[in-house]
Amino acid sequence: MKIRGDIIRLYRNVHSWAGIMAGLFLFIAFYAGGMTMFELPLENWASQTSTLPAPVPVQSLSELVQKARASDPSMATAYTLVLHPDAATPSSLMWTTSSEKEHGPARTIYAGLDPDGRLVTRTRTPSQAMYFLNILHQRIGLPLNREYGRLVMGIVALLYAVALVSGTIVLLPSLVRNLFALRMTETLRRVWLDFHTLLGVCSLPFHIVMAASAAGFAFQQPIMALEKTLFLPAAVHPSAKGGVHSDHGSQLPLEPMAIVEAFNRQAPDLEADALVYSSRGGKLSLRVMVQSKAQIVRRPEGGYADMNPYTGRLIATDFLPNHQTSAFQALTLIYALHFGTYGGWLVRWTYAVLGFGGAFLFYSGNQLWLSARRRRERSEGLTADSFGTRCLSVLTAGCMIGCVSGISAVLAAMPFLPEGGHYQTVEALFYAVLLVCLLVAMCLGGTRSIGSLLCLAGLLTLLIPITDMARSLTSGSVLHPGLESVTLLYGIALMVLAFKKRPRQIMGAALTV
Amino acid sequence: MKTDVQQKPLDGSGWLGKVMAGLVLGAALACGLLGVLGLLFHADAQFKTVTSQLLRWFPGPVWGLLVAFSFLFRSSRQAWLVLALLNGSVWALFFFLHALMA
């Protein structure tokens, strides 16, 4: 591949500037985004100690719904029947007391039956900690509301696209020559550059997918408004609208057992996981959720189908795996490629690793930029860093290692916070840790603070297996060896980087000339 | 973009103008292309139909690419001129199709 030298030089500049402007935000987005790959298991982990009503057998589901409706008529407007209860949703019936979803899962009433057949309920807000991490990833680390968050996310998505395109252009001509040339013997700067290149090239497809889908997500709202003006209004099909439901009249909805049977008849390859009822104007509608581990699904929670709750007929299978048109399959694939919801756990782990690797790519990019700047400043005769270099050095160490520390702190605190952590509590904790790290970086200077910040991040990460063990000792909950070993290894790795001289230099503390 | 060896090498001069052209006219061009594709594939203004949902993912990446490649223009003036011409033709096509199909 031949590209003119002046174009490569131009795009090398573009790459450093776009990268430096977006790097800090993208680090947080990728690190927190990588964590959301484990959103459901970590939510389950956080909700271990709660004592919620036990699930009831499938035959008693309709009895449970009747009794719940008698005690609280408002539940009939929206409720969920869980067919396969797990740690996060252990009860068979639940409904929310408010429709406010700004801070994640709303306050929920869980209902069950005691041995005498009496209704027992318990109210609890599900853990909002993982939702916070997801929002942190969407708002690229800034505590913004939805509107401004989308705007800033859009700007960063554009910068990300520019950095990606320019990086690829710079690399293309020397790709084969430089790709696997990890020159460990050369200067540290050379090693970092080779590493940055190798990481970037190996995860290029992942980054292209993420950049394209992030740009799609960021501009979704304005584009929807635009489509309304640009496209022709829909042709009206009187038979398709309304005709389906109009015949229910005074008819009663089918029993949950009958619904499950009807679903199994129409989609024998899938298993219904939950029945989500909602009603508008007295008319009940039903969404059947399915979990399919290895198939392409739209959300981590799985696919879904809309069903007529009165007749048991499937109305819409647009997002039901194996029952979609190819166009909807393509649409689902766009979501699945961003959320890693295809191919089961292997892909989710791969996505997490690629996400953390992406974060490290931005860290190394920033360190390389700093090193190049310092080198230039030294050759110009400056003995100390200029103001700009100092600022970026503080921000890189403070924000990036601060984000790692903050997320570890949130995970370590989750099991001990009331109700698995409310959004505001978790948010306050994260930003407090981030701020402390920034202050440390400011006081010590960016380069000198790397060691102490890594030490803090390591300590906070090591707290995660310790909380799990402490909780298991105090409340007798089950140990999680997988989570413990991964966080233990990660924490130790961070400590090694913090204390050994050579690794600390590798993390950029001595990445000067 | 033209690759004329005779011309002076590309550099960062006028980058702000080029990027602004990419940002402003690139956005307009991506919207125009969205409109044309929507009409060609008979996407209707209903959010639930698959064509309009699929097309929703199209303008963002296209905009990003246009901004990224706007550095390749010789000058800021050329960037505005070329992108304005492209916009003109795409939007003309859109209004032509719109009138034809409405």
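- To the nearest 0.5 angstrom, Asp11(B) atom CG is 8.5 Å from Asp6(A) atom CG.
- Trp15(B) does not touch chain A: none of its heavy atoms, backbone or side chain, sits under 4.5 Å away.
- Heavy atoms of Phe58(B) lying under 4.5 Å from chain A are absent altogether.
- When each of Leu10(A), Val165(A), Leu331(A) is checked for heavy-atom pairs under 4.5 Å with chain B, Leu331(A) comes out on top.
- Pairing each heavy atom of Gly64(B) with each of Ala161(A), the nearest pair is CA-CB, 4.1 Å.
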| task | Would you sort out whether Phe219(A) and Trp57(B) count as a ring pair (Phe, Tyr, Trp, His ring centres under 6.0 Å), showing the intermediate values? | result | CA-CA 9 Å; Phe219(A) 305 118; Trp57(B) 296 91; over 10 Å; no
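- Thr51(B) is not listed as a side-chain neighbour of Phe231(A), based on a closest heavy-atom distance of 4.5 Å or more.
- Distance check: Gln53(B) CD to Phe328(A) CZ gives 5.5 Å after rounding to the nearest 0.5 Å.
- Residues Leu23(B) and Leu158(A) have side chains in contact (heavy-atom distance under 4.5 Å, counting atoms from C-beta outward).
- Contact count versus chain B (heavy atoms, under 4.5 Å) is highest, among Leu159(A), Val14(A), Ile169(A), for Val14(A).
- Contact of the His98(B) side chain with the Leu232(A) side chain is registered, since non-hydrogen atoms from C-beta on lie closer than 4.5 Å.
- To the nearest 0.5 angstrom, Cys31(B) atom SG is 10.5 Å from Glu227(A) atom CD.
- Within 6.0 Å of atom CH2 in Trp17(A), 12 or fewer heavy atoms from other residues, nucleotides or ligands are found, so the atom counts as exposed in its surroundings.
- Residue contact with chain B, scored on non-hydrogen atoms closer than 4.5 Å, is absent for Tyr160(A).
- Nearest heavy-atom pair, Ile223(A) versus Pro59(B), reported as atom, atom and distance to 0.1 Å: CD1-CG, 3.7 Å.
- Heavy-atom distances place both the backbone and the side chain of Leu55(B) under 4.5 Å from chain A.
- To the nearest 0.5 Å, atom CZ of residue Arg4(A) and atom CG of residue Leu10(B) are 5.5 Å apart.
- Sparse packing is recorded around CD of Glu147(A), with 12 or fewer heavy atoms of other residues, nucleotides or ligands lying under 6.0 Å away.
- The nearest pair of heavy atoms linking Ala215(A) to Gly60(B) is CB-C, 3.7 Å.
- Of the listed residues (Asn13(A), Leu164(A), Val162(A)), the greatest number of heavy-atom pairs within a distance under 4.5 Å of chain B belongs to Val162(A).
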